[in-house]
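Since we're looking at a predicted model, the values are computed, not measured.
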Amino acid sequence: MMRNLVLKRFLHSSTSLARSSSSSTSNPFLPSSRCNAVSAPLAEEKAETVVFPRVGPGFSHGLNWALARKGIIVKDKAFQNLNYSELQKRGATIAESLSGLHVYVRGSFVGGSSEISKAEFSKLLKQVTSHISSISDVFVHDGVIGSSPKCDAKVRVISDSPAAVLSLSNVLWKTPTRAVSHDSCPLTVYVATSISAGVGDTIGLGSQGTRGFIAADIERSSLVLCGKAFSDTNGIKEALAALAGPVISARGGLPLSARLLVSGDSVILLFASEKTIQSCKDSLVSADAGVILSSQGVAPFFQSGKSSGSNLFKLPAAVILGSSDSAYVTR
């Protein structure tokens, strides 16, 4: 009944305004009756019509707002946490592995002088976010470094390429849906595979940045991968470990450059040279250096080819410091 009353008032005011307009056509500032005279059936139709936002795969207003806070304005669609087959349907392929790309890091956790200034990283990040915003389809993947529930580091990857997401999904551990959105300080990885090679000039790379480069800012909890840098798995792990260190420490975890060795029911922390590591690699949980030690147990930073089931192990029974150097000096 209230809606009918409002509708009648709307029709009455529209009709009155139309009559007033026809009797005062000499005044050019009054609206014409053609614009304001609305028939009752049309008014009822307008009153009943509700326009709903687009829904379906690639459309999520919550995700779009979250990306906007990171400087990414979704042009068309944003796909989140697609599985292997879905990424393949979107054009993802397994890229050729790269190594040796330089990793630029700024921030207090690594100590020493920064290899990239705050102004340079800000300029670079602006160029990368503008590039990703210009791409029709954006791909998002949420993961985690370590899996200790209280001492891990959540990571969100934002990419212009499904291939990059496929590659990084094999590095990060899986995390529940919305875990990143609810985290207080997640890490953000921006991947711009198709950005102009000239972007390397922002940090003074010149022709050295043709293949791509990796740049991290610990204070911003941000990592930028340009060109083919997403294929340099070791470089990415190095940068992510540097970014995750302060987060893990703040949550009560202890990030260590060690490996996990499992012998029977015993878990052992191993600190050793690469030569020593190779001699016992079959017993290692992962060949990558990097574990999180906490009151809940110990967990490797990243996935590996051996990863299966739970990646949170009980507290170590021993710590081994190994060396391949046969010369010892005593005092």
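Of all non-hydrogen atoms in Val128 and Ala192, the two that sit nearest each other are CG1-CB, 4.0 Å. Gly253 and Pro255 make their closest contact through O-CD, 3.6 Å (heavy atoms, listed as atom of the first residue, atom of the second, distance). Val191 approaches Ala164 most closely through the heavy-atom pair CG1-CB, 3.6 Å. The two residues Ala216 and Phe121 make their nearest non-hydrogen contact at C-CE1, 3.8 Å. The shortest non-hydrogen separation linking Ala153 to Ala244 is CB-CB, 3.9 Å. Taking each heavy atom of Asp232 and Ser99 in turn, the nearest pair found is OD1-CA, 3.7 Å.
Of the inter-residue distances, the one linking Arg90 atom CZ with Leu87 atom CG reads 9.5 Å to the nearest 0.5 angstrom. Going from atom CG of Leu172 over to atom NE2 of His141 covers 5.5 Å, rounded to the nearest 0.5 Å. Atom OG of residue Ser257 and atom CZ of residue Phe271 lie 7.5 Å apart, to the nearest 0.5 angstrom. Considering CG of Leu243 and CD of Glu219, their distance stands at 11.5 Å, rounded to 0.5 Å. Atom OG of Ser231 is separated from atom CG of Leu168 by 9.5 Å, given to the nearest 0.5 angstrom. Rounding to the nearest 0.5 Å gives a distance of 4.5 Å between CD1 of Ile268 and CD1 of Ile320.
Neither Val180 nor Val171 shares a network with the other; the hydrophobic side chains, linked directly or stepwise wherever heavy atoms of I, L, V, M, F, W or Y lie under 4.5 Å apart, form separate groups for each. Under the 4.5 Å side-chain heavy-atom criterion for Ile, Leu, Val, Met, Phe, Trp and Tyr, Leu82 and Ile135 are members of distinct hydrophobic clusters. No single ILVMFWY cluster, assembled from side-chain heavy atoms under 4.5 Å apart, contains both Val157 and Trp65. Hydrophobic clustering (ILVMFWY, side-chain heavy atoms < 4.5 Å, transitive): Leu293 and Val262 are in one cluster. Leu315 is connected to Val285 through a chain of hydrophobic side-chain contacts under 4.5 Å among Ile, Leu, Val, Met, Phe, Trp and Tyr, so both are in one cluster.
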* **Stepwise side chain to side chain contact (heavy atoms under 4.5 Å, CB included) test for Phe59 and Lys77** => CA-CA 6 Å; Phe59 299 112; Lys77 296 181 180 180; 3.7 Å; yes
* To do: Report the C-alpha separation of Val189 and Val155 in whole Å, then their side-chain angles, then the decisive distance to 0.1 Å, and conclude whether the side chain to side chain contact (heavy atoms under 4.5 Å, CB included) test is met.
  => CA-CA 7 Å; Val189 181; Val155 182; 3.8 Å; yes
* To do: Please lay out, stage by stage, how Ser148 and Ser294 fare under the test side-chain hydrogen bond (donor to acceptor under 3.5 Å, both in side chains).
  => CA-CA 8 Å; Ser148 177; Ser294 70; 3.3 Å; yes
* To do: Please report the C-alpha distance between Leu101 and Arg211 in whole Å, then the side-chain angles of each, then the deciding distance to 0.1 Å, and finally whether the side chain to side chain contact (heavy atoms under 4.5 Å, CB included) criterion is met.
  => CA-CA 8 Å; Leu101 295 184; Arg211 291 194 303 167; 3.4 Å; yes
* Check against salt bridge (charged side-chain N to carboxylate O under 4.0 Å, His left out), Arg106 and Asp217 -> CA-CA 5 Å; Arg106 74 165 299 273; Asp217 188 331; 3.0 Å; yes
* Step by step, would you call Ile277 with Leu284 a side chain to side chain contact (heavy atoms under 4.5 Å, CB included)? -> CA-CA 8 Å; Ile277 293 299; Leu284 297 176; 3.6 Å; yes
* To do: Carefully, step by step, assess Asp160 and Ser194 under the rule side-chain hydrogen bond (donor to acceptor under 3.5 Å, both in side chains).
  => CA-CA 7 Å; Asp160 63 353; Ser194 58; 2.9 Å; yes
* When you look at Arg259 and Glu274, which way does the salt bridge (charged side-chain N to carboxylate O under 4.0 Å, His left out) test go after all the steps? -> CA-CA 11 Å; Arg259 273 91 169 177; Glu274 288 299 325; 2.8 Å; yes
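Leu223 places none of its side-chain heavy atoms less than 4.5 Å from the side chain of Thr188. For the pair Asn81/Val140, no side-chain contact is recorded, criterion being any heavy-atom separation below 4.5 Å from C-beta on. Contact check for Ser222 versus Tyr190: side-chain heavy atoms found under the 4.5 Å cut-off. With a 4.5 Å cut-off on side-chain heavy atoms, Val224 and Leu125 count as touching. Put simply, the side chain of Phe302 reaches to within 4.5 Å of the side chain of Ile145, judged on heavy atoms. At a threshold of 4.5 Å between non-hydrogen side-chain atoms, the residues Val105 and Ile218 count as touching. Side-chain contact between Ile292 and Val298: absent, with no pair of heavy atoms (C-beta onward) separated by less than 4.5 Å. Side-chain atoms of Val138 and Ile158, non-hydrogen and from C-beta on, do get closer than 4.5 Å to each other.
Judged by distance alone, the side chain of Gln303 and the main-chain N or O of Ser169 form a donor-acceptor pair under 3.5 Å. Between the side chain of Ser196 and the backbone N or O of Val199 there is no donor-acceptor pair closer than 3.5 Å. The backbone N or O of Pro246 sits nowhere less than 3.5 Å from a side-chain atom of Ser249 that would complete a donor-acceptor pair. For the pair Thr93 (side chain) and Ala95 (backbone), a donor-acceptor distance under 3.5 Å is absent. With hydrogens and angles ignored, the 3.5 Å screen pairs a side-chain donor or acceptor of Ser167 with a backbone N or O of Phe230. A side-chain donor-acceptor contact under 3.5 Å links Arg251 to the backbone of Asp152. Judged by distance alone, with hydrogens and angles left aside, the side-chain atoms of Ser263 form no donor-acceptor pair with the main-chain N or O of Ser266 at under 3.5 Å. Looking at Trp173, its side chain never comes within 3.5 Å of a backbone N or O of Asn311 through a donor-acceptor pair. Using modelled atom types, one side-chain atom of Glu86 and one backbone atom of Asn83 make a donor-acceptor pair closer than 3.5 Å. With Ser130 contributing its side chain and Gln127 its backbone, the two residues share no donor-acceptor pair below 3.5 Å.
Of the candidates Lys154, Arg178, Arg156, Lys174, Arg156 is the only one forming a salt bridge (charged side-chain N to carboxylate O under 4.0 Å, His left out) with Asp142.
Using cut-offs of 30° and 60° for the angle between ring planes, the Tyr104 and Phe213 rings count as perpendicular.
Crowding of Leu254 atom CG: a count of heavy atoms from other residues, nucleotides or ligands under 6.0 Å exceeding 12. Other residues, nucleotides and ligands contribute only 12 or fewer heavy atoms inside 6.0 Å of the CG atom of Asp265.
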